[in-house]
Amino acid sequence: MVQKALIPAAGYATRSLPATKAVPKEMLPLVDKPMIQYAVEEAVASGIKEVGIVTAAWKTAIGRHFGPNPELEAFLEKKGKGELLESVKKVERLAEFAFILQPEQRGLGHAISMGEEFAGGKPLAVLNPDTIYDGRVPCLRQLIDVFEEKRATTVVLGKIDREGTKKYGVVRAEKVSERVYRILDLIEKPGPEKAPSDMAVLGRYVFTTGIFDALRNTGPGYGGEIQITDAIGLLLKTESVYGVLFEGRHFDAGGNRGFLEATIHFARKRPDLSSLF
Ligand code: G1P
C-alpha cells in the first residue's frame, strides 16, 4: 500500500516572477484554492495518509496554510461564519503533514532525496504541485494501481508537442497494455532533435525505495542540477519502471498559459462562476 506522498515545493518558480518574489508559487490560487492544495487533495483521494512537503525557509505560508490558525478560527466562529470555518479547518485535517527544509536549490532529484527519512523504507509517491490533473479517477490513483500490480516504480506519461521536448523529461517506452508502458530510457529536456518519442513524464511518480540509492549515485545533469530523470535512468539498470498514460485533463500551471487554462477550467466547473464563460 502506498500511504506516503512527497510534494517538492522549495523552488524559486522563476517562470512566474515577479509574482513569486514574496508569495510561494504553490500558494497562488486556482480560483480560491492554492495550487498545492489541489496536489494534497489528489493525494488524499488516491489513498495517501501522510504528506511530506519539501520547502524552503522563506516559504512559511505553506506551513501556515496546512496548520491551524486559532485566531482566524475564533473570529469566524464569533461571526457565525460556519461554512468558511469548515473550509479553513478542512485544510488542516486533509492529512498528516511533515515539513522538510531543503537548504539549497539543487534540483528536483535533490528535493526528492530529502524525503528519504520521511519515506521510512516504504514506497513514496511524488507530486509536482505545479502540475494539475483533473479526471474521473485521480491521476495518482491511476499510478498507484499500476505500482501495486507491477511492484515497480511507475510514472505518469503524457503526449507532448515539439515545445514540450524542451520542457519535460522525455521517454523511450514500449507498450505493454492499454495505457501502460515499460520505460526503456529517458532524457531530461532533450529538445526536438534528440527526443526519443512524443511522450514525457508529467509530474507524478510512485517510487520503490531503490530510487534513493539511484539518487545518491546521480551527479548533476541538465542545468547543473540533480535530475530525477537521471536517477530513474539509473534505476532502470536494476529495476523495471512503468509509465501510465493519464486519462483526464492535465495543466502545466508552472507557466502563465497553463496557469490561466487551469483557472478557467476550474472556474467553469463552479456554478457561481460558470456564467462568466
Ligand atoms: C520537472 C522534471 C521533468 C518533468 C517536469 C514535469 O521539470 O525535471 O522531468 O517532465 O518536471 O513534471 P521542471 O518543471 O522542474 O523543469
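Counting from 1, the numbers follow the sequence of the chain as shown. Scope of the values below: all heavy atoms of this structure, side chains included, with no hydrogens, waters or symmetry mates. Read the numbers this way: they start at 1 and go in the same order the structure lists the ligands and their atoms.
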Apply side-chain contact (heavy atoms from CB on, under 4.5 Å) to the pair Val206 and Leu140, showing each step before the final yes or no. CA-CA 8 Å; Val206 184; Leu140 185 62; 3.9 Å; yes

N/O pairs closer than 3.5 Å, ligand 1 and protein:
unit_1: ligand 1; atom_1: 7 (O); unit_2: Lys189; atom_2: NZ; d: 3.4
unit_1: ligand 1; atom_1: 8 (O); unit_2: Glu188; atom_2: OE1; d: 3.4
unit_1: ligand 1; atom_1: 8 (O); unit_2: Glu188; atom_2: OE2; d: 2.8
unit_1: ligand 1; atom_1: 9 (O); unit_2: Gly169; atom_2: N; d: 3.2
unit_1: ligand 1; atom_1: 9 (O); unit_2: Glu188; atom_2: OE1; d: 2.7
unit_1: ligand 1; atom_1: 9 (O); unit_2: Thr229; atom_2: OG1; d: 3.1
unit_1: ligand 1; atom_1: 10 (O); unit_2: Gly169; atom_2: N; d: 2.9
unit_1: ligand 1; atom_1: 10 (O); unit_2: Val201; atom_2: O; d: 2.5
unit_1: ligand 1; atom_1: 11 (O); unit_2: Asn128; atom_2: ND2; d: 3.3
unit_1: ligand 1; atom_1: 12 (O); unit_2: Asn128; atom_2: ND2; d: 3.2
unit_1: ligand 1; atom_1: 12 (O); unit_2: Gly203; atom_2: N; d: 2.9
unit_1: ligand 1; atom_1: 16 (O); unit_2: Lys189; atom_2: NZ; d: 2.8

Please go through Leu76's hydrophobic cluster and name the other residues, only I, L, V, M, F, W, Y counting, with side-chain heavy atoms under 4.5 Å joining them. Leu72, Phe75, Leu84, Leu85, Val88

Let me see the working for Ile211 and Ile228 under side-chain contact (heavy atoms from CB on, under 4.5 Å), right down to the final yes or no. CA-CA 9 Å; Ile211 196 63; Ile228 191 64; 4.1 Å; yes

Phe266-Tyr38 aromatic ring centre distance below 6.0 Å: yes

What's the verdict on side-chain contact (heavy atoms from CB on, under 4.5 Å) for Asp32 and Arg270, showing C-alpha distance, side-chain angles and the deciding distance? CA-CA 11 Å; Asp32 55 7; Arg270 288 268 299 250; 3.0 Å; yes

Classify the side-chain pair Gln142/Arg204 by whether it contains a donor and acceptor separated by less than 3.5 Å. no

